[in-house]
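The structure appears below as structure tokens.
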Amino acid sequence: YVVSNGSHTDFVLPTANAVFDWRVAFPGIGATDHIQIGWGSRTFYAEVPEWKDLTPHVALRALAADRSVILVTPSDEPQAWDPQVRRIRLSPERYRSLVLDIYSRLESTRPLDNAPFFYPGRERFTPFLTCNEWIRRRLAAIHVKTPLWSPFDRAILWHLESEL
């Protein structure tokens with residue numbers, strides 16, 4: 001699945017299946033059927049728990065080639081009827097490519113101090129490589145129909161409607 005909160009997209013993937021078991025890499029996720037994986041600015045994730053906490057200073061720091069993090073959290077299976085959810089059917093080979101691509105974006109599988117679900121990412125967050133563009137690139141790499149660029153969630157969700 002690709003899910004949106006109205007501005008930010010994440011993947012929701014099975015915790016374990018015949019192709020990959022995320023519990024091996026992230027034993028702290030516990031007993032859950034699905035995990036949610038998102039990517040973004042370390043500054044933004046750390047300093048903006050709610051939109052009311054966003055300040056111009058934090059936004060500028062986040063957009064100035066900030067270090068990235070990958071957020072991995074336990075999740076319920078999304079409701080396919082939700083307008084913010086897109087279910088994508090992948091062959092085992094494409095799914096394997098996706099999870100290996102995501103896994104290769106981790107700098108470490110050791111969580112950040114005082115942030116048990118946040119892991120350091122390899123890329124830098126910029127205005128051109130946003131959380132949504134990061135998701136788009138993972139999808140494009142496995143040949144899922146995507147926009148040419150997607151700094152926002154709407155274009156990704158719109159393109160994925162044809163994948164249903």
Side-chain angles (χ1 to χ4, degrees), residues 1-42 44-46 48-49 67-112 115-125 129-164:
Y1 297 92
V2 171
V3 299
S4 172
N5 68 5
S7 61
H8 171 91
T9 53
D10 289 330
F11 287 113
V12 176
L13 305 172
T15 302
N17 60 23
V19 174
F20 197 84
D21 187 343
W22 289 99
R23 295 172 299 193
V24 174
F26 307 109
I29 61 173
T32 182
D33 290 338
H34 290 79
I35 60 168
Q36 189 160 335
I37 298 177
W39 179 91
S41 155
R42 192 177 293 194
F44 191 86
Y45 270 133
V48 185
R67 293 175 300 166
S68 67
V69 291
I70 295 177
L71 176 61
V72 180
T73 56
S75 177
D76 292 327
E77 183 171 6
Q79 301 297 317
W81 53 261
D82 186 323
Q84 302 290 78
V85 171
R86 298 296 184 271
R87 183 176 182 176
I88 304 167
R89 297 188 189 280
L90 299 174
S91 67
E93 295 78 21
R94 288 171 70 196
Y95 182 73
R96 181 184 322 281
S97 293
L98 174 64
V99 297
L100 292 176
D101 184 18
I102 292 169
Y103 193 78
S104 75
R105 305 298 164 175
L106 289 158
E107 187 175 283
S108 169
T109 56
R110 182 173 170 254
L112 300 176
F117 297 113
F118 289 91
Y119 300 85
R122 292 189 185 279
E123 296 107 337
R124 292 276 185 172
F125 184 93
L129 181 55
T130 64
C131 54
N132 299 306
E133 176 61 13
W134 188 86
I135 294 287
R136 187 206 68 80
R137 290 180 184 188
R138 309 291 68 80
L139 293 169
I142 59 168
H143 309 289
V144 171
K145 183 179 175 185
T146 63
L148 294 175
W149 182 55
S150 190
F152 306 109
D153 66 331
R154 292 291 111 204
I156 292 173
L157 295 178
W158 183 76
H159 275 80
L160 290 178
E161 283 181 15
S162 66
E163 291 286 323
L164 299 175

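In this structure, the side chains of Arg86 and Ser4 stay at 4.5 Å or more apart for every pair of heavy atoms. Using a 4.5 Å cut-off on side-chain heavy atoms (C-beta onward), Gln84 and Leu157 make contact. A heavy-atom distance below 4.5 Å is not found between the side chains of Phe20 and Arg96. Contact check for Ile142 versus Asp101: no side-chain heavy atoms found under the 4.5 Å cut-off. Side-chain contact check for Leu160 versus Val144: some heavy-atom pair is nearer than 4.5 Å. The side-chain heavy atoms of Val12 and Ile35, taken from C-beta on, include no pair separated by under 4.5 Å. Contact check for Leu112 versus Pro120: side-chain heavy atoms found under the 4.5 Å cut-off. Two residues are said to be in side-chain contact when any heavy atoms from C-beta on lie closer than 4.5 Å; Leu13 and Trp22 meet this criterion.
In this structure, the separation between CD1 on Ile70 and CZ on Arg122 is 9.0 Å, given to the nearest 0.5 Å. Separation of atoms OG1 (Thr32) and CD (Glu77) is listed at 10.5 Å; rounding is to 0.5 Å. Atom CG of Leu90 sits about 11.5 Å away from atom NE2 of His143, to the nearest 0.5 Å. To the nearest 0.5 Å, atoms OG (Ser75) and OH (Tyr1) are separated by 10.0 Å. To the nearest 0.5 Å, the span separating CZ on Arg89 from CZ on Arg94 amounts to 12.5 Å. Rounding to the nearest 0.5 Å places OG1 of Thr9 at 10.0 Å from CZ of Arg154.
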**Item:** Chi angles and distances behind the side chain to side chain contact (heavy atoms under 4.5 Å, CB included) call for Trp158, Asp153
**Value:** CA-CA 9 Å; Trp158 183 76; Asp153 66 331; over 6 Å; no
**Request:** Take Tyr95 and Asn17 through the side chain to side chain contact (heavy atoms under 4.5 Å, CB included) test and state the conclusion after the steps.
**Result:** CA-CA 10 Å; Tyr95 182 73; Asn17 60 23; 3.4 Å; yes
**Derivation of the side chain to side chain contact (heavy atoms under 4.5 Å, CB included) call for Ile102 and Ile37** = CA-CA 9 Å; Ile102 292 169; Ile37 298 177; 4.1 Å; yes
**Residue pair Leu129, Trp39: steps toward the side chain to side chain contact (heavy atoms under 4.5 Å, CB included) verdict** = CA-CA 10 Å; Leu129 181 55; Trp39 179 91; 3.7 Å; yes
**Message:** Could you walk me through whether Glu107 and Tyr119 satisfy the side chain to side chain donor-acceptor pair (under 3.5 Å) test, starting with their C-alpha distance in whole Å, then the side-chain angles of each, then the deciding distance to 0.1 Å, before giving a yes or no?
**Reply:** CA-CA 8 Å; Glu107 187 175 283; Tyr119 300 85; over 6 Å; no
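A pairwise comparison of heavy atoms in Ala155 and Pro147 identifies CB-CG, 3.7 Å as the closest pair.
Checked against the 6.0 Å centroid criterion, the rings of Phe117 and Phe26 do not qualify as a close aromatic pair.
Environment of CG in Asp76: sparse, with no more than 12 heavy atoms of neighbouring residues, nucleotides or ligands closer than 6.0 Å. For Arg105, the CZ atom sits in a packed shell: over 12 heavy atoms of surrounding residues, nucleotides or ligands are nearer than 6.0 Å.
Not a single salt bridge (charged side-chain N to carboxylate O under 4.0 Å, His left out) links Arg42 to another residue, sequence neighbours left out.
A salt bridge links Glu133 to Arg136: at least one charged side-chain nitrogen sits closer than 4.0 Å to a carboxylate oxygen.
Looking at Asn132 and Ser150, their side chains never bring a donor and an acceptor atom within 3.5 Å of each other.
Formation of a donor-acceptor pair under 3.5 Å by the Thr15 side chain with backbone atoms of Asp33 is found in this model. Using modelled atom types, one side-chain atom of Ser68 and one backbone atom of Glu123 make a donor-acceptor pair closer than 3.5 Å.
For the salt bridge (charged side-chain N to carboxylate O under 4.0 Å, His left out) condition, the pairs that include at least one residue of residues 21-31, sequence neighbours left out, are Asp21-Arg23.
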